[in-house]
Amino acid sequence: MVRTRFAPSPTGYLHIGGVRTALFNWLFTRRHGGQFILRIDDTDQQRHVEEALRPILDGLRWLGVEWDEGPDVGGPYAPYYQSQRLEFYQKAVQRLLEVGAAYRDYARPEEIQAEREAAQREKRPFVYSRRWMAETAEDARRFESQGRQAVVRLKMPREGTLVIDDLIRGRVEFDWSQEQDHVIQRADGTCLYHLASVVDDYEFRITHVIRAEEHLSNTPRQVFIAQALGYPLPQYAHLPFVAEPGSRVKLSKRKLDKYLKNKEFAERVEHGRRIAARLGLATELEVFNPVVVDFYRQVGYLPEAIVNYLALLGWSLDDKTEMFTREELIRHFSLEGVNKAPASFDPQKLWAFQDRYMRAVPMEKKIELVLPYLEKVGWVSAPASAAVRQKVAQILQAAGDRIKTAGDILDYGYFFTPDDRLEYEPGAIEKRLRAPGVADRLRRFAQQLAQVEPFEPAMLERMMHDFVMAEGIKLGDIIHAVRAAVTGTTVGLGMFDALAILGRESCLARIERALQYAV
RNA sequence: GGCCCCGUCGUCUAGCCCGGUCAGGACACAGGCCUUUCAAGCCUGUAACACGGGUUCAAAUCCCGUCGGGGUCGCCA
């Protein structure tokens, strides 16, 4: 039975690299019909864990990465919070002490630091002298009488090598002499990550530890702990990390301003912020950040698109298949298909997937996707009426693939604004209305518009063509002015669709109102 | 600095293990067509085996070295 885990710290947000790790664990597990466990690594935190955990759990669920055991769902090995598992760790520490794989150390932090610096000065690798290691009760008493407190350190081997067969990287060799006597328990009895992680992996019966590459160097000490405790070793698989756009450096939430120099990245951020600003959300990069999954949720990306993109970040099936349903991903995923080199996060490619997925969304679902956005900005009232839904459907239909994320519906505010409150973009006025002859032409056009029957796209188009012929002008000479007058913008969906959706009355009122800007 | 990992178009990648197709696909980019704007669509194009040595009739692929990038060396996780 395959059992894997994802072990986030409650940091308050779900990092894009973290989701990728979670996703690969999940895919691997589902592929093998196993169980995926969510464990919360909160040994360091005390308060606000719930609050800091929520965005992570919500984000995973939103993407459909469901866990079989863990917070909210429980499970046979509960609790799944490390902060609640201290007794397991302490028991393990006791055992390590008994078998001689760990020792009580009475060194003061500054004494260790001094040794470390001395080693550095002499350009030799740091190896702790074990001067304050208590081997007997006698030693312990002596150190304690000096007012010292004990931590527990691993008594690592100082010679020989360790070979790990990593499922992704293959055979990796480590020299024990490079390893330090890591602290596993503090003076106050609390335990540290490596110990906790190994104990839980055992207690939870984890068979495959699939995690990011930065843990590869940590593996020897974890293997040491596991072996000393007599645990069977899990299989290890170290994933390449997700790198910055156009670089090989690990993606980081804090370096966003640097990524913004990348044009494609900046475009996507700009798009997201436009929507967030309309929603009245905070748009500072600290909270609204494309390295964080919530960014995509708020902008209205589709979870399937993100999953598909993320799956291909470091994994591939073959030389051509790019579109995968969730089921296909599960069917085909394998660790052998995972690449070794880091993969740069490319928001533009994610965007391309979003585009493809959005096209495939049926109208009914698209309406559901978009309605919450319209409600949030107050353009439509909460339980949308049939008439509103009808109108939204018309807009979506006419907009077609122009609406790439659910939040893009907010570009079409002019369909919901009262005629006398329509806002005109300065550029629209400048470019399309303030041209000689526009006013008169618009007036004559309005007269025609008043009589079109039925007021539908095809008929409107015919009328427009007749108008152009009669005036002896080109289509472009009138249509841009009409667009500006009726929508207040210079871009948007097909003019005849827009007119039809707005209806005769609105169109006439808006043209009338726009005449004040025209010459 | 020690140790470990990695290195194919700008980006994601296929090919590498089992040497032999103009090194294939996708995103992005450029040009063109279409066009009422935008978006899309269609066509075309630019673009990579990090470098240097071997081995071989033949090397992205095997061997050695160099360089480059990254990770890790905590009483963080």
Side-chain angles (χ1 to χ4, degrees), chain A residues 7-11 41-45 82 105 107 109 112-113 116 119-120 123-126 149 151-153 164 166 168-170 172-175 177-180 182-188 190-194 196-197 212-220 238 240-241 243 245-250 262-264 309 312-323 339-353 355 359 399-404 408 411 428 431-432 461 464 468 474-484 487 489-496:
Chain A
S9 289
T11 51
D41 281 14
D42 58 349
T43 52
D44 206 31
Q45 269 90 0
Q82 291 197 323
D105 181 56
I112 295 285
Q113 190 52 32
R116 210 172 258 133
Q120 202 155 34
K123 295 202 189 308
R124 57 173 168 81
F126 165 63
Q149 289 190 307
V151 299
V152 177
R153 283 183 187 278
I164 293 168
D166 190 279
I168 292 169
R169 324 209 85 90
V172 184
E173 271 186 51
F174 294 91
D175 225 328
S177 65
Q178 293 296 321
E179 284 294 315
Q180 305 298 321
H182 295 276
V183 174
I184 52 174
Q185 186 175 51
R186 300 185 182 93
D188 65 3
T190 58
C191 292
L192 267 41
Y193 167 73
H194 292 296
S197 185
E213 180 185 355
E214 65 232 49
H215 289 287
L216 184 55
S217 314
N218 299 153
T219 308
H238 286 94
F241 53 80
S247 150
R248 296 290 193 201
V249 183
K250 196 168 94 174
N262 172 305
K263 183 168 143 279
E264 285 89 44
Y309 170 71
L312 258 17
L313 240 200
W315 173 84
S316 64
L317 174 65
D318 55 30
D319 59 343
K320 48 181 72 71
T321 318
E322 285 212 313
M323 297 295 278
N339 239 38
K340 291 183 190 171
S344 294
F345 176 64
D346 179 2
Q348 197 77 34
K349 184 129 185 177
L350 203 201
W351 180 253
F353 276 100
D355 180 36
R359 284 160 197 259
D401 55 34
R402 291 175 181 85
I403 291 182
K404 299 198 188 297
D408 285 342
D411 284 337
K431 259 171 73 187
R432 305 304 192 192
E461 184 164 7
M464 178 74 91
V468 162
K474 283 181 289 190
L475 190 58
D477 294 332
I478 178 67
I479 203 162
H480 297 304
V482 173
R483 179 188 301 282
T487 70
T489 70
T490 57
V491 300
L493 31 76
M495 194 66 261
F496 307 111

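Every value quoted in this text rests on a predicted model; they were computed, and no experiment measured them.
- At the heavy-atom level, L493(A) lies under 4.0 Å from base atoms of the strands shown.
- Regarding L312(A), its CG atom lies at a distance of 12 Å from the P atom of rC27(B), rounded to whole Å.
- Atom name P, nucleotides rA26(B) and rG41(B): the rounded distance is 13 Å, in whole Å.
- Atom CD of Q113(A) is surrounded by more than 12 heavy atoms from other residues, nucleotides or ligands within 6.0 Å.
- Closest contact between the side chain of L216(A) and the listed nucleotides rC5(B), rA39(B), rU36(B) involves rC5(B).
- Listed nucleotides: rA40(B), rU37(B), rG10(B). Nearest to the side chain of R483(A): rU37(B).
- Taking all atoms of both residues into account, the shortest heavy-atom contact from F241(A) to E213(A) is CD2-OE1, 3.3 Å.
- Using a 4.0 Å heavy-atom distance criterion, E173(A) is classed as a sugar-phosphate-only contact.
- Ring orientation note: the planes of H182(A) and H194(A) are tilted relative to one another, at an angle of 30° to 60°.
- Taking atom P in both rA60(B) and rG24(B), the straight-line distance is 14 Å, to the nearest Å.
- Of all nucleotides listed (rA77(B), rU8(B), rC75(B)), rA77(B) comes nearest to the side chain of Q82(A).
- P109(A) comes within 4.0 angstrom of a base, heavy atoms only.
- Within 4.0 Å (heavy atoms only), S344(A) reaches sugar-phosphate atoms of the nucleic acid but no base atom.
- Figure legend. rU66(B) is base-paired to rA50(B); pairs are counted as Watson-Crick or G-U wobble with both atom distances under 3.5 Å.
- Among the nucleotides rA40(B), rA14(B), rA77(B), the one closest to any side-chain atom of R359(A) is rA40(B).
- Within the 4.0 Å cut-off from OP1 or OP2 of rG10(B), not a single side-chain nitrogen or oxygen of N262(A) is found.
- No contact: D175(A) has no heavy atom under 4.0 Å from any strand.
- Remark: the R402(A) side chain and the rC38(B) base include a donor-acceptor N/O pair separated by less than 3.5 Å.
- Among the nucleotides rC5(B), rU36(B), rG71(B), the one closest to any side-chain atom of H480(A) is rU36(B).
- The nearest whole Å value for the distance from the CH2 atom in W315(A) to the C1' atom in rU13(B) is 12 Å.
- When rounded to the nearest whole Å, the span between NZ of K404(A) and P of rA39(B) equals 9 Å.
- Close to rA77(B), at under 4.0 Å from its OP1 or OP2, lies a side-chain N or O of T43(A).
- For the pair Q113(A) CD and rC75(B) C1', the interatomic distance rounds to 12 Å; values are reported in whole Å.
- Contacts of V249(A) with the nucleic acid, taken as non-hydrogen atoms under 4.0 Å apart, involve only primed sugar atoms and P, OP1 or OP2.
- What separates OH of Y309(A) from C1' of rU13(B) is a distance of 12 Å, to the nearest Å.
- Between S217(A) and rC4(B) there is no side-chain N or O to OP1 or OP2 distance below 4.0 Å.
- Of the candidate nucleotides rG70(B), rC73(B), rU36(B), rU36(B) has the atom lying nearest to any side-chain atom of F496(A).
- When all heavy atoms of A119(A) and F126(A) are compared, the closest pair comes out as CB-CA, 3.7 Å.
- Looking at the side chain of D346(A), the nearest of the listed nucleotides rU13(B), rC3(B), rC27(B) is rC27(B).
- Nearest heavy-atom pair, L493(A) versus R483(A), reported as atom, atom and distance to 0.1 Å: O-NH1, 3.0 Å.
- Residue E322(A) is the one, among G494(A) and E322(A), whose nearest nucleotide of RNA chain B lies closer to the 5' end (criterion: closest heavy atom).
- Per the geometry, NE2 belonging to H194(A) stands 7 Å off P belonging to rC73(B), to the nearest Å.
- Counting non-hydrogen atoms under 4.0 angstrom, K474(A) reaches nothing in the nucleic acid.
- Using a 4.0 Å heavy-atom criterion, one finds that G476(A) contacts no nucleic acid atom at all.
- As judged by a 4.0 angstrom heavy-atom cut-off over every strand, D188(A) is placed among residues making no nucleic acid contact.
- When the nearest nucleotides of RNA chain B are assigned to P245(A) and I479(A) by heavy-atom distance, the more 5′-ward of the two goes with P245(A).
- No side-chain N or O of S344(A) forms a donor-acceptor pair with one of D346(A) less than 3.5 Å apart.
- R186(A) has a side-chain polar atom (N or O) that falls below the 4.0 Å cut-off from OP1 or OP2 of rC76(B).
- Protein atom CZ of F345(A) is 15 Å distant from nucleotide atom C1' of rA28(B), rounded to whole Å.
- Phosphate contact (OP1/OP2 of rC12(B), side-chain N/O of R248(A), threshold under 4.0 Å): present.
- Panel note: side chain T487(A), backbone A484(A); no donor-acceptor pair is recorded below 3.5 Å.
- Considering only side-chain atoms of E264(A), the nucleotide from rG71(B), rC12(B), rA28(B) that sits closest is rA28(B).
- Nearest to the side-chain atoms of K340(A) among the listed nucleotides rU13(B), rU8(B), rC6(B) stands rC6(B).
- A distance-only check finds a donor-acceptor pair linking the side chain of T219(A) to the backbone of H215(A) [under 3.5 Å].
- The residue G314(A) sits close only to the backbone: its heavy atoms come under 4.0 Å of sugar-phosphate atoms, none of a base.
- Residue-level contact check: A107(A) touches the bases, meaning some heavy atom is under 4.0 Å from a base atom.
- As judged by a 4.0 angstrom heavy-atom cut-off over every strand, H182(A) is placed among residues making no nucleic acid contact.
- Between rC27(B), rC5(B), rA77(B), one nucleotide has an atom nearer to the side chain of K349(A) than all others, and that is rC27(B).
- The CD1-C1' distance, from I168(A) to rC5(B), rounds to 12 Å in whole Å.
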